[in-house]
Amino acid sequence: MSKIDKKETIDLLLYWQIILKRKWVLVTFTCTLVVIAGIISFLATPMYESTATLLIEEDRSRVLSMEETFGYESPVVSDFRFFYTQLRLIKSRSLAERVAKKLNLLSRPEFGGGSGKKKSLLTPIKNIITFKWITSRKKSEEGGSSSLYPSDPYSDIAKAIQGKIEARPIRDTKLVEITYSSASPLLAAEIVNTLAEEFIIFSIEKRYERTQQASDFLNTQIASLREELTTKTRELQKYVKDKDLLSLSSLSDSESAALATLADYNNAYTEARIARFRAEAAYRELKDIDVDAIPQSLSNPVVQQLKAEYSRIKNEYEEKSKDYKPNHPEMIRLKARLDSMKEELEKVVGTAEAEYNAALKRESYLRSLLNKQKEDVAKMSSDAILYNSLKIEVENKRKQLDSLVEKRDETHISEQLGGLKASNISIIDHGEVPEYAVSPKKKLNLILAFFFGIFGGTGLCFILEYFDNSVKGPEDVERLADLPSLGVIPYLASDGIGKSKDLKNFGYSYSYGDEYYQDEEPSPEIEGIELINHLFPRLSISEDYRTIRTSILLSHAEDHPKSIAFTSALPMEGKTSTVVNMAVSFAQLEEKVLVIDSDLRKPRLHWIFKARNVNGLSGYLAGKINLKEAIQKTSIKNIWILPSGPIPPNPTELLNSKIMKEMMEEIKNGFDFILLDTPPVLAVTDGMIVSSFSDSTVLVVNGSKLTRRAFLNAVEELRKAKANISGVIFNGIKIKKGNYFYMDYYHYYRSNYLDEEKKYGGEK
């Protein structure tokens, strides 16, 4: 295996061990999510779904031949645009209101009628989760002003219906499925069937509404033109009678030219007026247009194309609104596109209005020219010219009338087709009353909750691990302070372990040389960790202390340190118990060991070794006794103790005195190892003082209590005191499966014991 592959494998193992370490977080999170999903699923109101199928064919009928009237070409609308338009109309608010009124849903209990709308058991929970209780309170505060303007009671019902309508086109067909979901299966079928029927009626009404408007406009223009024609005809007849005109052969050339000019102006004016009629009809057709209700019979291709594009984008906006919030970039883009489409439609209407105004101005201009030419002709004092002028006017008005009557007849035919209620939409399958509920999907919800719980719980494990500020293991020590780890001491409760408890983590066994022996005796009853190395030397925890002893000795290449200060960053990190067991470990090498209790504030060594504390270090430093009187022999072979003595009022001054340093140099000649128990360095300065004149300093760390900041502060204080820090001992670590920071190191340090035995010849 390459180095890179090995590194990747170790990283994956670390991730797995992080999950194992915090497995209860994962289990709790997953179970909570599954329980919540189960409660919601089993208490949620069952929803039933009914579906109707419609056949929607593209409208090819020519209701009003507007392209012949206004010169437009036949619109070409592709199927998909037409379908988007129909889908949007199916989900429109106006159609939903028609359904609500036809079924009289205001009196149905499902919509608040009768005894009131039934509330689900989950309603209070949903209100709390969605903060609806806050919005409802705001609405109640604003209710005074809103009550002055009561809204349509069917408006809220229409919105509720809209939210549950789904229109899905069947691919590669002209079929559309309309689905509605409700807590009542009968109501779901009623609404979806009524919706399909009302959609057909709605499409027919909108289809011929514009045609009727155009027909009314043409009738008005025809009536006005007939009156003008009648007036001109009577005027012509009266003029002929009054002037007794029988022949026009006496007309001069000048009169003929003037009359020809008048005829040209009159023809131009007639064409301008017809153009104005067309532009006005087009403008009236478009000025009050509704973007959601443009009939397929409208001949304007630009409007139809804009309508189809608007419906497609609107349908896409409605579909994506289910997944995205209004402030989502995609929703903002679609909303901007819809607004621009409306503006383009308004521009088309504006263009029609501009064309109408231009035609009106041209008509006015030609009328003025015609009137001026009439005046010129009148000045010629030619009765024949006036006669021809009146005759031409009558003929032109008759042409206009014939053209408008022809168009009116076409609209009458369209109205008759509308009366037949013919439609390009038909119902293929009516919605049936559903037998089974489609939601909630209990099994699916539980499965999804389980998987989301697994992934979410795993992420939570890594988040907690990331924010864990404790010193986790040797890797943290080496990375934060560039200090080696001397070993790991497993956790042992302060009240010990009884015989009935599991001791397999401590391994009641021993190993010397190349053979391994397993004691078949029952596990001993351990009362505490102090002197465990002496009382139970075959336990693996005792071997851990011997492994640390080896690490300390090997940490100095030339010669092992004689005076070793043991300190910690904070109290209660197991420093004193570590000193005692390390003294036993060094004594097992047949070396003379002196243990000095330099903690003159809270001494404990005399209590562990059952020594007298009448005279001790404080008495010697104060000059009350000599050194031989202060040092006492313990019951353990090769171990002597220098207790703290009576607690002095000035411990810092005594430890930092010249006599203390001289004493250290003197006792080095009589002992092989001198172990000093010091106070925590972050509590008082005593530990830093003792560490400054010791050959080596060992920092005891409780990984479950000490934070990284406290650890770094302790190391910084010791380095300021110029202490020679040999390394760090991790104490009170719960070694078990899944504790990934210590398992590998724990077994690694135990293996060093064989090397140490070879160097020092084993225990005697």
Side-chain angles (χ1 to χ4, degrees), residues 483-484 486-487 533-534 545-568 575-576 578-600 605 609 616-617 620-621 626-628 630-634 636-644 654-679 681 686-700 718-719 721-729 752 755-757 759-761 763-764:
L483 291 176
L486 301 176
N533 200 10
H534 170 66
Y545 284 109
R546 293 192 288 270
T547 302
I548 295 174
R549 176 190 66 191
T550 303
S551 300
I552 294 175
L553 295 176
L554 295 178
S555 63
H556 295 74
E558 297 179 356
D559 192 11
H560 66 80
K562 277 202 168 186
S563 58
I564 305 173
F566 289 82
T567 187
S568 63
K575 168 179 50 61
T576 301
T578 302
V579 172
V580 171
N581 285 291
M582 289 308 302
V584 175
S585 298
F586 281 107
Q588 290 173 350
L589 297 176
E590 296 297 332
E591 303 285 354
K592 297 178 63 177
V593 179
L594 174 62
V595 183
I596 301 177
D597 195 347
S598 58
D599 189 351
L600 302 183
L605 287 180
F609 286 102
L617 180 61
Y620 171 75
L621 295 178
N626 56 38
L627 189 58
K628 291 184 178 180
I631 296 176
Q632 303 177 31
K633 182 69 173 68
T634 66
I636 302 175
K637 183 181 179 181
N638 297 325
I639 295 181
W640 283 260
I641 181 176
L642 177 56
S644 64
L654 292 178
L655 293 175
N656 198 26
S657 61
K658 181 179 180 181
I659 189 173
M660 177 68 181
K661 298 176 182 178
E662 292 176 351
M663 181 199 74
M664 291 296 300
E665 295 298 328
E666 179 180 353
I667 59 179
K668 285 182 181 180
N669 298 325
F671 295 94
D672 298 309
F673 293 98
I674 303 170
L675 307 184
L676 297 97
D677 183 15
T678 67
V681 296
D686 300 2
M688 293 183 290
I689 294 173
V690 176
S691 299
S692 64
F693 52 73
S694 299
D695 296 339
S696 175
T697 300
V698 175
L699 186 62
V700 179
L718 290 174
R719 286 175 174 170
K722 297 182 179 181
N724 182 16
I725 306 176
S726 298
V728 177
I729 297 176
N752 288 340
D755 297 335
E756 180 268 339
E757 290 294 334
K759 179 176 180 180
Y760 290 95
E763 296 181 4
K764 304 297 183 200

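Values in this document were obtained by computation on a predicted structure and should not be read as measured data.
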Does [X] use its side chain to pair, donor to acceptor, with the backbone of [Y] at less than 3.5 Å?
X    : Y    : value
N581 : Y545 : no
N638 : A587 : yes
S598 : D677 : yes
K562 : D695 : no
S692 : A721 : no

Hey, what do you get for [atom1] ([X]) to [atom2] ([Y]), rounding to the nearest 0.5 Å?
X    : Y    : atom1 : atom2 : result
I659 : Y620 : CD1   : OH    : 4.5 Å
L483 : S726 : CG    : OG    : 9.5 Å
L486 : L554 : CG    : CG    : 10.5 Å
M688 : L655 : CE    : CG    : 12.0 Å
L594 : L675 : CG    : CG    : 8.0 Å
L642 : M663 : CG    : CE    : 5.5 Å

Check [X] against [Y] and note the closest heavy-atom contact, atom names and distance.
X    : Y    : answer
A630 : P643 : O-CD, 3.5 Å
S694 : L676 : OG-CD1, 4.0 Å
T567 : S691 : CG2-OG, 4.5 Å
M660 : L654 : CB-O, 3.8 Å
M664 : K668 : O-CG, 3.1 Å
H560 : D672 : CE1-O, 3.8 Å

Going by side chain to side chain contact (heavy atoms under 4.5 Å, CB included), T578 matches just one of I548, I729, V698. Which one? I729
Could I get the full list of ring pair (Phe, Tyr, Trp, His ring centres under 6.0 Å) partners for F671, not counting sequence neighbours? W640
I'd like to check the ring pair (Phe, Tyr, Trp, His ring centres under 6.0 Å) partners of F566; sequence neighbours left out, ordered by chain and number. none
K637 and Q588: side-chain contact (heavy atoms from CB on, under 4.5 Å), yes or no, with the steps? CA-CA 8 Å; K637 183 181 179 181; Q588 290 173 350; over 6 Å; no
